[in-house]
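Here is the structure we will look at.
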Amino acid sequence: MGPTNPSDAALACPKVNIVRDLQEVTVFRPGGKDLTDLESRAALTDYTGNCEYTSAGVTVNVNVYLVAERGPALKGDVAKYQYFVALAQPDDTLVSKAYFDTDVTFVPGQPRAGSKEELAPRIPLPKDGNAKDWKVYLGFQLTPEQLEFNRTQVKK
């Protein structure tokens with residue numbers, strides 16, 4: 001990612017990261033734990049974007065790509081997910097975290113679907129400030145059980 005205006009070439013965009021442990025979400029029906037109870041799973045697979053500096057800060061334009069897979073326990077054609085965008089200062093202190101809900105609709109007979117999420121978090125900076133050492137973190141907002149499931153899957 002880079003600034004959109006060539007005169008801002010010395011001003012770099014903040015780094016965007018998809019948090020590894022929060023990159024995927026697996027949703028089971030309540031009380032379920034095996035594959036027959038799987039409603040859906042999704043992954044944040046990639047992102048693209050740029051940034052725009054103004055006298056008040058920088059806006060980071062990020063397109064995040066989500067791919068979802070339907071499970072046998074999903075009722076209906078829509079899976080719902082919640083993800084977040086967090087901003088961190090150069091010392092890695094989080095200064096904001098925003099949550100977003102999204103729906104993925106599966107076409108009947110198709111096991112996969114996807115979406116593109118368009119985000120524009122804004123980092124307030126002093127005049128001539130540079131956001132190159134700031135960070136934008138993306139991930140699914142998981143329950144403790146979903147996080148443990150992800151960590152168990154990584155170990156296998």
Side-chain angles (χ1 to χ4, degrees), residues 1-5 8-29 32-33 35 37-54 57-71 73-74 77-107 110-125 129-156:
M1 290 184 16
T4 55
N5 184 342
D8 295 334
L11 300 173
C13 291
K15 289 186 176 181
V16 177
N17 300 292
I18 298 174
V19 180
R20 183 174 172 205
D21 284 352
L22 308 176
Q23 181 176 10
E24 297 181 6
V25 60
T26 302
V27 181
F28 292 100
R29 75 173 129 211
K33 293 195 179 215
L35 289 179
D37 300 316
L38 179 67
E39 291 184 349
S40 69
R41 70 175 112 202
L44 299 175
T45 59
D46 200 4
Y47 61 86
T48 59
N50 59 44
C51 62
E52 299 173 41
Y53 279 84
T54 67
V58 62
T59 300
V60 185
N61 302 304
V62 182
N63 296 318
V64 182
Y65 300 93
L66 183 154
V67 174
E69 191 173 271
R70 179 188 189 107
L74 181 67
D77 293 323
V78 178
K80 297 180 177 295
Y81 306 102
Q82 186 176 59
Y83 64 95
F84 68 85
V85 177
L87 300 176
Q89 298 177 142
D91 67 359
D92 230 16
T93 301
L94 289 183
V95 295
S96 71
K97 185 176 180 183
Y99 301 92
F100 301 91
D101 294 317
T102 189
D103 295 345
V104 174
T105 302
F106 295 95
V107 173
Q110 297 295 314
R112 290 188 176 185
S115 71
K116 179 175 85 171
E117 307 293 319
E118 297 180 10
L119 309 166
R122 188 176 161 281
I123 300 171
L125 293 173
N130 195 330
K132 70 178 177 78
D133 294 324
W134 283 68
K135 297 170 192 91
V136 177
Y137 293 110
L138 307 168
F140 284 107
Q141 186 63 37
L142 303 179
T143 65
E145 294 80 16
Q146 290 170 325
L147 179 58
E148 180 60 30
F149 181 83
N150 282 1
R151 290 180 173 160
T152 301
Q153 296 302 304
V154 169
K155 291 177 185 173
K156 289 183 179 180

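For the single chain, residues carry numbers from 1 onward in sequence order.
Interatomic distance, OH of Y137 versus CD1 of I18, reported as 13.0 Å (0.5 Å rounding). Distance CZ/R122 to CD/E52: 12.0 Å, rounded to 0.5 Å. One distance of note links CZ of R41 with CG of L35; it measures 6.5 Å at 0.5 Å rounding. Here the OH atom belonging to Y47 is positioned 12.5 Å from the CG atom belonging to N63, to the nearest 0.5 angstrom. Rounded to the nearest 0.5 Å, atoms OG1 (T105) and CZ (R70) are 10.5 Å apart. Taken to the nearest 0.5 Å, the CD atom of Q110 stands 12.5 Å off from the CD atom of E69.
Scanning for side-chain contact (heavy atoms from CB on, under 4.5 Å) contacts around T143 gives E145, Q146, with sequence neighbours left out.
In this structure, L125 and W134 have side chains that are in contact, with non-hydrogen atoms separated by less than 4.5 Å. In this structure, L87 and V136 have side chains that are in contact, with non-hydrogen atoms separated by less than 4.5 Å. Two residues are said to be in side-chain contact when any heavy atoms from C-beta on lie closer than 4.5 Å; Y81 and L44 fail this criterion.
At least one donor-acceptor pair closer than 3.5 Å links the side chain of Y53 to the backbone N or O of A12.
Of the N and O atoms on the side chains of N61 and N50, at least one donor lies less than 3.5 Å from an acceptor on the other residue.
Using cut-offs of 30° and 60° for the angle between ring planes, the F100 and Y83 rings count as parallel.
For the residue pair N150 and E24, the shortest heavy atom distance occurs at ND2-O, 2.7 Å. Nearest heavy atoms, V104 versus G114: CG1-N, 4.1 Å.
Residue pairs satisfying the salt bridge (Lys or Arg N to Asp or Glu O under 4.0 Å) criterion with at least one member in residues 88-99, sequence neighbours excluded, are listed as follows: D92-K135.
No salt bridge links K80 with D101; every basic N to acidic carboxylate O contact stays at or beyond 4.0 Å.
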